[in-house]
S.K.: 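What follows is a structure written as structure tokens; I'll ask about it next.
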2 protein chains.
Amino acid sequence: MTEAKQTDADTGGATSARVATYLRDLILRDELKPGDRIRQEDIAARLGASRLPVREALRMLEAEGLTEHARHKGARVPRLSMHEVDVIYRMRERLEPLALAESLPLLTDDDHARLEDVQRRIEDNGDLDRFLELDREFHLGTYSACHIDPLNAMVARLWNSTQHYRRAYVAMGGRSRMWVVNAEHRLILDAVVRRDSTDAERFLEGHIRRTRIELGHHPAVFGEPS
Amino acid sequence: MTEAKQTDADTGGATSARVATYLRDLILRDELKPGDRIRQEDIAARLGASRLPVREALRMLEAEGLTEHARHKGARVPRLSMHEVDVIYRMRERLEPLALAESLPLLTDDDHARLEDVQRRIEDNGDLDRFLELDREFHLGTYSACHIDPLNAMVARLWNSTQHYRRAYVAMGGRSRMWVVNAEHRLILDAVVRRDSTDAERFLEGHIRRTRIELGHHPAVFGEPS
DNA sequence: TGACACAGGATTGGATCCAAAATCTAGGCC
DNA sequence: GGCCTAGATTTTGGATCCAATCCTGTGTCA
């Protein structure tokens, strides 16, 4: 484990928060899929750390709903049913307009320009994996001026726990709906730039609702991973 | 630390989940207040365990928003500003009607009877501390048939993180509003028993909104604890 | 041939030990 | 007398070791 120290240097020290970030990222990238088991020793070795920070990280992720634990059986990435994902989208429909309303008055012209740029890149882009990333960046970007921690954390959590299913949907047939998404993003963005909170909230809520309904039409997304 | 094992036996083994429950309870009972520091060794000794499960428990609570951590400085119970509590209540206004809608069709007649009983006990009761407990039991009881974990967890979290401020408000002057609370509970409960989701959601949302506005009229609740 | 039981390996849970960082205290200096 | 600095103490962070539990593979017996 001499090379460990090097890996350690790369990552800048493997604190439990860093391990949590690493694991969260693996799950978001779909390198850890629902049902996958997470072995403490594996992760520890990969990051050149001991199992202890891994255990703390797993506890954090557990509280975030990104992993589930069974005593003496270890951690897994939880599988969500279609109904659970549906409810999570309903939660998003209600929470994200609130986050947007909190953020909107505080967004600067620079922020607007950044969001315009992200949306342009979404429209230019054909790659589905890149789309997922930019779509997230667009939405969370519109909330970025909201500094209420519980709200931010909760919104991020809802995105994180459904990331796998978003990806599966987009990969499966969501491509054809891309132009609708873009049109809706444009409506939201215009309202944001006008600082019209009422419109922005309404358009956002509709956007999430329609996405949710679309998801409900693709039950295959929730089938067994392999 | 020979007596440790005995304490251990009392609590039935001090796993990290148990430590987390213990700490969560301390915070909910206001024995740990916003700003208070939590020393790992203290808790470990009190529960007759080593510091390790305490550390894991603190990580869980951190992810739940019940504690905050600074590297090498330890854990504290976070202080919330009036604005933060206000936003948390807005989150409740939106999320709890959803939880109620999910739960309502699944509540049995037994559940209804139980809720009636809880509400009766609230009305009979003068003790403020007991009121906090029963009020929580009433509301979470109406959501109890909803088995969507992310939603349940989030609602519980919102209640937990504002518990101290609810207590401060009730202790300070909320007493005079008790009859309003009871009337609103009655409206909600009747709608629940009728299985009228629309009414139930509307009454619940209004109930939380009015509570939030009331809280905003008592800025002293958010003053320094001591 | 199938099902059950036992044993060995693998994996997690918990305790103790050591290192690093922060806080507190005391002393010196301006 | 107040402020700054240096050392000691306290507290947290991380690693390693041991115990408890679970999974797996093999063997035996019906």
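Letters A, B, ... are given to chains in the order of the sequence lines, protein chains preceding strands, and every chain is numbered from 1.
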S.K.: Considering non-hydrogen atoms only, spot the tightest contact between Thr162(B) and Ile88(B) and give its length.
M.R.: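 Reported closest heavy-atom pair: CG2-CG2, 3.5 Å.
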S.K.: Would you indicate what Arg71(B) reaches in the nucleic acid, counting non-hydrogen atoms under 4.0 angstrom: base, sugar-phosphate, or nothing?
M.R.: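 Sugar-phosphate, no base atom in range.
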S.K.: Mapping Arg55(B) and Arg37(B) onto DNA chain D by nearest heavy atom, which one lands closer to the 5' end?
M.R.: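 Nearest-nucleotide comparison on DNA chain D picks Arg37(B).
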S.K.: Is a salt bridge present between Arg212(B) and Glu96(B), judged by a nitrogen-to-oxygen distance below 4.0 Å?
M.R.: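 Glu96(B) and Arg212(B): not salt-bridged.
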S.K.: Rounded to the nearest angstrom, tell me the gap between atom CZ in Arg18(A) and atom C1' in dG13(D).
M.R.: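 Rounded to the whole Å, the gap is 15 Å.
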S.K.: Scan residues 164-173 of chain A for pairs that pass salt bridge (Lys or Arg N to Asp or Glu O under 4.0 Å), counting only residues two or more places apart or in two chains.
M.R.: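 Residue pairs with at least one partner in residues 164-173 of chain A: Asp30(A)-Arg167(A), Asp129(A)-Arg167(A), Asp135(A)-Arg166(A).
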S.K.: Whole angstroms only, please: what is the CD-P distance between Glu41(A) and dA15(D)?
M.R.: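 Going from Glu41(A) (CD) to dA15(D) (P), I get 12 Å.
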S.K.: Could you write out each protein N or O paired with an N or O of nucleotides 7-10 of chain D at a distance under 3.5 Å?
M.R.:
none

S.K.: Please give, in whole Å, the distance from dC22(D) C1' to Arg76(A) CZ?
M.R.: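 So the two atoms are 13 Å apart, to the nearest Å.
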S.K.: His72(B) has an atom NE2; how far is it from atom C1' of dG13(D), in whole Å?
M.R.: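 Rounded to the whole Å, the gap is 5 Å.
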S.K.: Taking only residues two or more places apart in sequence or in another chain, which ones pass side chain to side chain contact (heavy atoms under 4.5 Å, CB included) with Glu116(B)?
M.R.: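 Glu116(B) satisfies side chain to side chain contact (heavy atoms under 4.5 Å, CB included) with Arg120(B), Arg186(B), Leu189(B), Val193(B) once adjacent residues are dropped.
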S.K.: Rounded to the nearest angstrom, tell me the gap between atom CZ in Arg59(A) and atom C1' in dG14(C).
M.R.: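 Spelled out: CZ on Arg59(A) to C1' on dG14(C) is 11 Å.
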S.K.: Starting from P on dT11(D), measure out to CG on Asp42(B) and report it in whole angstrom.
M.R.: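 In whole Å, dT11(D) P and Asp42(B) CG are 8 Å from each other.
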S.K.: Check the phosphate of dT11(D) against Lys73(B), side-chain N and O only, distance under 4.0 Å to OP1 or OP2. Yes or no?
M.R.: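 Negative; the distance criterion is not met.
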S.K.: Need one value for Ile38(B): base, sugar-phosphate or nothing, where a base atom within 4.0 Å counts as base even if backbone is also close, heavy atoms only.
M.R.: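 It contacts sugar-phosphate atoms only.
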S.K.: Can you check the Arg51(A) CZ to dT16(D) P distance for me, whole Å?
M.R.: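 In whole Å, dT16(D) P and Arg51(A) CZ are 12 Å from each other.
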S.K.: Under a 3.5 Å cutoff, is there a donor and acceptor pairing between the side chains of Ser16(B) and Arg59(B)?
M.R.: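 Looking only at side-chain atoms, Arg59(B) and Ser16(B) do not form any donor-acceptor pair under 3.5 Å.
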S.K.: Would you name the heavy atoms of Arg79(A) and Pro34(A) that are closest together and state the gap between them?
M.R.: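 In terms of heavy atoms, the two residues are closest at NH1-O, 3.6 Å.
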S.K.: Quickly work out the Ile43(B) CD1 to dT12(D) P distance and round it to whole Å.
M.R.: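 Going from CD1 in Ile43(B) over to P in dT12(D) covers 10 Å.
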S.K.: Between Phe222(B) and Tyr165(B), what is the ring plane arrangement, given parallel below 30°, perpendicular above 60°, and tilted in between?
M.R.: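 Phe222(B) vs Tyr165(B) ring planes: parallel.
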